[in-house]
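One structure below.
Quick note: numbers below take in every heavy atom, side chains included, and nothing from hydrogens, waters or symmetry partners. In this text the structure is predicted, and so the values were computed from the model without any measurement.
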Amino acid sequence: MKNILQSSISQEQNLHQDNSISSYNRLLLVVKDLACVRTIEEIIEIVRLAARDLTNADGVTFVLRDGECCHYLDENAIGPLWKGMRFPLKSCISGWAMLNKQAAVIEDIYQDARIPIDTYKVTFVKSLVMLPIRIADPLGAIGAYWSTLHRATPEEIELLEILTDTTVEIYFIEVLHQFFCQFSGL
C-alpha cells in the first residue's frame, strides 16, 4: 500500500511539474509573440488571451490608468465584464492594485471589503487576482477572474507578473518606436 501511495504522489508531483514546464513554455511563446508586435492593440490582444490561457481563468481584463480613473480597455471572458467602462481608482480593485502597487488576490469577492459588490453582482466573478502593470509607477492592471471560488496559486501569480513585466517593456519599446518614426518622418 505504501508503494502505491508513494507512486501516486510521485505521479501527481510529476504531472504538476509537467504542467509548470508547459505553462512556462507557453509563456515563452507569448513573449516571442510580443516581440513581433507593431501596435498597442496587438499587445493588448496577446496579453489578454495569454493571461486567460496561462491561469485557466474564466475571464481576463486589461485595464489602463486614465488620470484618476481605471479604463477597462479590453477583456476576454465567458460573460461580459466592464469593457469600455471607467471607474474611479479608489472605487475598484484594479485601482486598489495600482494605488497600493501590489497584487490583490481574492478567493471570495463577497468576503473582501475592497470589492464593490454591486458592480460584481451582475457578473460570473467569484474569485480574482489583479496585478498592476509596472509596480513602481502603475500604468494599468491585468485582472484574472474565476466563476468558482479559487485561490490563485503562486505559479499563476508569477506567470501573470512575468506577463505584466513583459507587457511594460514591449509597450515602451513600441511607444518609442512610434515616436522615432514620427520624429524622423518615416
Show, in sequence, the C-alpha distance, side-chain angles and deciding distance for Ile142 and Thr61, and conclude whether the side chain to side chain contact (heavy atoms under 4.5 Å, CB included) test is met.
CA-CA 6 Å; Ile142 294 174; Thr61 55; over 6 Å; no

Tyr24 and Ile162: CA distance, side-chain angles, deciding distance, side chain to side chain contact (heavy atoms under 4.5 Å, CB included) verdict:
CA-CA 10 Å; Tyr24 287 99; Ile162 294 168; 4.1 Å; yes

List the steps and the verdict of side chain to side chain contact (heavy atoms under 4.5 Å, CB included) for Ser147 and Ile78.
CA-CA 9 Å; Ser147 61; Ile78 61 172; 4.1 Å; yes

Hey, mind stepping through His71 and Val63 against side chain to side chain contact (heavy atoms under 4.5 Å, CB included) and telling me if it holds?
CA-CA 5 Å; His71 180 198; Val63 184; 5.7 Å; no

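Glu156 is not listed as a side-chain neighbour of Leu54, based on a closest heavy-atom distance of 4.5 Å or more. When side chains are defined from C-beta on, Leu81 counts as touching Val125, because their heavy atoms get closer than 4.5 Å. Using a 4.5 Å heavy-atom threshold, the side chains of Leu131 and Glu161 count as touching. Side-chain contact between Trp82 and Thr119 is present, with heavy atoms from C-beta onward closer than 4.5 Å. The shortest distance between side-chain heavy atoms of Pro154 and Glu158 does not fall below 4.5 Å. Residues Thr55 and Leu159 form no side-chain contact, since every pair of their non-hydrogen atoms from C-beta on lies 4.5 Å or further apart. Residues Tyr145 and Asp58 fail the side-chain proximity criterion, which asks for heavy atoms closer than 4.5 Å. Residues Met98 and Cys70 are in side-chain contact: their nearest non-hydrogen atoms beyond the backbone lie under 4.5 Å apart.
Atom-to-atom distance recorded for Leu73:CG and Asp66:CG is 10.0 Å, nearest 0.5 angstrom. Remark: Arg65 CZ to Leu99 CG distance equals 5.5 Å, nearest 0.5 Å. From Phe62, atom CZ reaches atom CG of Asp74 across 9.0 Å, with rounding to the nearest 0.5 Å. Taking NZ from Lys32 and CG from Leu29, the interatomic distance works out to 6.0 Å, rounded to the nearest 0.5 Å. Summarising the geometry, atom CG belonging to Leu28 is positioned 10.0 Å from atom CG belonging to Asp33; distances are rounded to the nearest 0.5 Å.
Contact detail for Gly67 and Leu89: the closest heavy-atom pair is O-CD1, 3.7 Å. Closest approach of Met130 and Ala141 over heavy atoms only: SD-CB, 3.7 Å. Listed here is the closest heavy atom pair of Arg114 and Ile93: CB-CD1, 3.7 Å. When all heavy atoms of Pro80 and Thr123 are compared, the pair lying nearest together is O-CG2, 4.1 Å. Ile117 and Ile109 get closest at one heavy-atom pair: CD1-O, 3.4 Å. The heavy-atom pair separating Ala57 from Trp146 by the smallest distance is CA-NE1, 3.3 Å.
Using a 4.5 Å cut-off between side-chain heavy atoms of Ile, Leu, Val, Met, Phe, Trp and Tyr, with links allowed through other members, Leu139 and Val47 fall into the same hydrophobic cluster. In the hydrophobic clustering of ILVMFWY residues, with side-chain heavy atoms under 4.5 Å counting as a link, Leu64 and Leu49 come out apart. Tyr120 and Val122 sit in two unconnected hydrophobic clusters of ILVMFWY residues. Membership requires side-chain heavy atoms under 4.5 Å apart, directly or through other members. Residues Ile106 and Leu160 are members of separate hydrophobic clusters, defined by side-chain heavy-atom contacts under 4.5 angstrom among Ile, Leu, Val, Met, Phe, Trp and Tyr. A continuous path of Ile, Leu, Val, Met, Phe, Trp and Tyr side chains, each step under 4.5 Å between heavy atoms, connects Ile44 with Leu27, placing both in one hydrophobic cluster.
Residues Phe87 and Tyr72 bring their aromatic ring centres within 6.0 Å.
For the pair Glu75 (side chain) and Lys83 (backbone), a donor-acceptor distance under 3.5 Å is present. Formation of a donor-acceptor pair under 3.5 Å by the Ser127 side chain with backbone atoms of Glu107 is found in this model.
Using a cutoff of 4.0 Å between basic side-chain nitrogens and carboxylate oxygens, Asp108 and Lys126 are not scored as salt-bridged.
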